[in-house]
Amino acid sequence: MDTGSLVLVYTGNGKGKTTAALGLALRQIGWDRRVLVIQFMKGKGNVYGERMAAERFLPLLEIEQHGRDEFVNLSNPAELDAELARKALERAEEAMESGEYGMVVLDEVNVAMATGMIDPKEVLALLDKRHKNTDVVLTGRYCPKEIEDRADMVSEVREVKHHFRRGIPAKKGIEY
Ligand code: ATP
Ligand code: MG
């Protein structure tokens with residue numbers, strides 16, 4: 001049965017949302033499908049293992065960072081951050097419509113919506129326009145209800161424990 005493309009959401013306060021999306025990306029790549037990961041609110045200066053892995057070993061995986069190196073003020077995002085988030089969404093639209101990708105991951109887009117930087121309605125419109133062969137993954141805490149309603153799959157990752165609470169700082173290969 002051809003079920004068409006799916007909309008998959010990973011949300012919640014625990015660790016594992018972005019890495020779950022990257023796991024799906026790996027599966028796609030195994031089937032020779034191209035994957036684009038668009039990271040909202042992340043600057044190009046941030047070093048992530050997955051980006052280096054993509055550059056060195058995974059020609060089918062593209063990871064783009066759209067944001068500033070500084071943290072976004074979540075309670076009151078700067079206009080520049082909102083502008084970069086809107087540009088990331090434009091890029092997502094182009095990629096999702098093109099049919100070039102088996103999967104497009106919108107990493108942290110839920111937070112971009114929850115903070116008001118982008119309107120969930122715009123994301124819904126984008127989902128309507130996606131190519132029939134392109135699965136879309138949305139990650140980040142605070143996924144808006146209207147997005148969850150539209151999604152085919154929603155998983156909530158719940159924190160039971162996190163090493164951060166014991167004062168362990170971000171670790172290579174685990175956090176980045
Ligand atoms: P990962 O990228 O490891 O899959 P994530 O995408 O689920 O994590 P985000 O909400 O994007 O998590 O947060 C980014 C970083 O914050 C992660 O590196 C993670 O280790 C850390 N983090 C996630 N959940 C928690 C938590 N409950 N307490 C403290 N730090 C957390
Ligand atoms: Mg994440």
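Scope of the values below: all heavy atoms of this structure, side chains included, with no hydrogens, waters or symmetry mates. Note that ligands are numbered from 1 as they come in the structure, with each ligand's atoms numbered from 1 the same way. Here, residue 1 is the first one in the sequence, and each next residue gets the next number.
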Engineer: Run the contact test for Thr139 against ligand 1 with a 4.0 Å cut-off on heavy atoms, strictly below, and give the result.
Structural biologist: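 It does not; every heavy atom stays at 4.0 Å or beyond.
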
Engineer: Is Glu146 salt-bridged to Arg150, going by a charged N under 4.0 Å from an acidic O?
Structural biologist: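 A salt bridge is absent here (no side-chain N lies under 4.0 Å from a carboxylate O).
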
Engineer: Side chain, backbone, both or neither: which part of Lys17 comes within less than 4.0 Å of ligand 1 when only heavy atoms are counted?
Structural biologist: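 For Lys17, the contact with ligand 1 is made by both the backbone and the side chain.
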
Engineer: If the threshold is 4.0 Å, N to carboxylate O, is there a salt bridge linking Glu79 and Arg86?
Structural biologist: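 Yes, Glu79 and Arg86 are salt-bridged.
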
Engineer: Does the protein place any heavy atom closer than 4.0 Å to atom 29 (C) of ligand 1?
Structural biologist: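 For atom 29 (C) of ligand 1 the answer is yes, since some protein heavy atom falls inside 4.0 Å.
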
Engineer: For Arg130 and Ser5, does a side-chain donor sit closer than 3.5 Å to a side-chain acceptor?
Structural biologist: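 The answer is yes; a qualifying pair exists.
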
Engineer: So which of Val160, Asp107, Val111, Thr19 gets nearest to atom 4 (O) of ligand 1, if we judge by its closest heavy atom?
Structural biologist: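 Heavy atom nearest to atom 4 (O) of ligand 1 belongs to Thr19.
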
Engineer: Who's the nearest protein heavy-atom neighbour of atom 27 (N) of ligand 1, and how far?
Structural biologist: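 Ranking protein heavy atoms by distance from atom 27 (N) of ligand 1, first comes Glu159 OE1, 2.5 Å.
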
Engineer: Can you tell which of Asn110, Thr19, Val137 makes a side-chain contact (heavy atoms from CB on, under 4.5 Å) with Tyr10?
Structural biologist: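 Going through Asn110, Thr19, Val137 one by one, the side-chain contact (heavy atoms from CB on, under 4.5 Å) with Tyr10 is satisfied by Val137 alone.
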
Engineer: Is the shortest heavy-atom distance from the side chain of Ile118 to the side chain of Val109 under 4.5 Å?
Structural biologist: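 Side-chain contact under 4.5 Å: yes.
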
Engineer: Heavy-atom distance under 4.5 Å between the side chains of Met41 and Met117, does that happen here?
Structural biologist: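 Of all side-chain heavy-atom pairs linking Met117 with Met41, at least one is under 4.5 Å.
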
Engineer: Under a 4.0 Å heavy-atom limit, does Val157 contact ligand 1 with its side chain, its backbone, both, or neither?
Structural biologist: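 Contact part for Val157 vs ligand 1: neither.
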
Engineer: So which heavy atom in the protein is nearest atom 22 (N) of ligand 1, and how far is it from that ligand atom?
Structural biologist: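 Its nearest protein heavy-atom neighbour is His162 NE2, 3.5 Å.
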
Engineer: Confirm or rule out an N/O/S atom of Glu108, from backbone or side chain, lying less than 2.8 Å from the Mg ion (ligand 2).
Structural biologist: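 Yes - counting backbone and side chain alike, Glu108 has an N, O or S atom under 2.8 Å.
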
Engineer: Is the shortest N/O to N/O distance between Gly14 and ligand 1 below 3.5 Å?
Structural biologist: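 Right, the criterion is met.
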
Engineer: Only heavy atoms of Phe164, strictly under 4.0 Å: list the atoms of ligand 1 that pass.
Structural biologist: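 Atoms satisfying the 4.0 Å criterion: 29 (C).
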
Engineer: Checking Asp107 against Thr139: is there a side-chain donor and acceptor pair closer than 3.5 Å?
Structural biologist: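 Present: a donor and an acceptor within the cut-off.
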
Engineer: Does Asp81 come within less than 4.0 Å of Arg68, counting only side-chain N to carboxylate O?
Structural biologist: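 A salt bridge is present here (some side-chain N lies under 4.0 Å from a carboxylate O).
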
Engineer: Looking at atom 11 (O) of ligand 1, what's its closest protein heavy atom, distance included?
Structural biologist: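 Its nearest protein heavy-atom neighbour is Glu108 OE2, 2.4 Å.
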
Engineer: Within the structure, does Ala20 bring an N/O atom to less than 3.5 angstrom of an N/O atom in ligand 1?
Structural biologist: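 No: no nitrogen or oxygen of Ala20 is under 3.5 Å from one in ligand 1.
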
Engineer: What do you think, any protein heavy atom under 4.0 angstrom from atom 8 (O) of ligand 1?
Structural biologist: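 Given the 4.0 Å limit, the answer for atom 8 (O) of ligand 1 is yes, a protein heavy atom qualifies.
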
Engineer: Measure the distance from atom 18 (O) of ligand 1 to every protein heavy atom, then report the residue, atom name and distance (to 0.1 Å) of the closest one.
Structural biologist: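 The protein heavy atom lying closest is Glu175 CG, 3.1 Å.
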
Engineer: Answer yes when Arg91 and Glu64 have at least one side-chain N-carboxylate O distance shorter than 4.0 Å, and no when they do not.
Structural biologist: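 Yes, this pair counts.
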
Engineer: Quick check on side chain to side chain donor-acceptor pair (under 3.5 Å): which of His66, Gln65, Arg51 does Gln39 satisfy it with?
Structural biologist: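 Exactly one pass, corresponding to Gln65.
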
Engineer: Considering only NZ, NE, NH1 and NH2 on the basic side and carboxylate oxygens on the acidic side, decide whether Glu159 and Arg165 come within less than 4.0 Å.
Structural biologist: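 A salt bridge links Glu159 with Arg165.
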
Engineer: Do any non-hydrogen protein atoms sit less than 4.0 Å from atom 25 (C) of ligand 1?
Structural biologist: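 Within 4.0 Å of atom 25 (C) of ligand 1, protein heavy atoms are found.
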
Engineer: Out of all atoms in ligand 1, which are within 4.0 Å of some heavy atom of Gly16? Include the element for each.
Structural biologist: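 Those of ligand 1 that fall under 4.0 Å from Gly16 are 1 (P), 4 (O), 5 (P), 7 (O), 8 (O).
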
Engineer: Look at Thr18 and state whether any of its N, O or S atoms is less than 2.8 Å from the Mg ion (ligand 2).
Structural biologist: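 True for Thr18.
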
Engineer: At under 4.0 Å between heavy atoms, which part of Lys15 makes contact with ligand 1: side chain, backbone, both or neither?
Structural biologist: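 The part of Lys15 near ligand 1 is both the backbone and the side chain.
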
Engineer: Which residue and non-hydrogen atom of the protein lie closest to atom 2 (O) of ligand 1, and at what distance in Å?
Structural biologist: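 Checking every protein heavy atom, the shortest distance to atom 2 (O) of ligand 1 gives Thr18 CB, 3.4 Å.
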
Engineer: For the backbone of Ile168 and the side chain of Lys171, can you confirm whether one donor and one acceptor N or O come within less than 3.5 Å of each other?
Structural biologist: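 Side chain of Lys171 to backbone of Ile168: no pair is present.
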
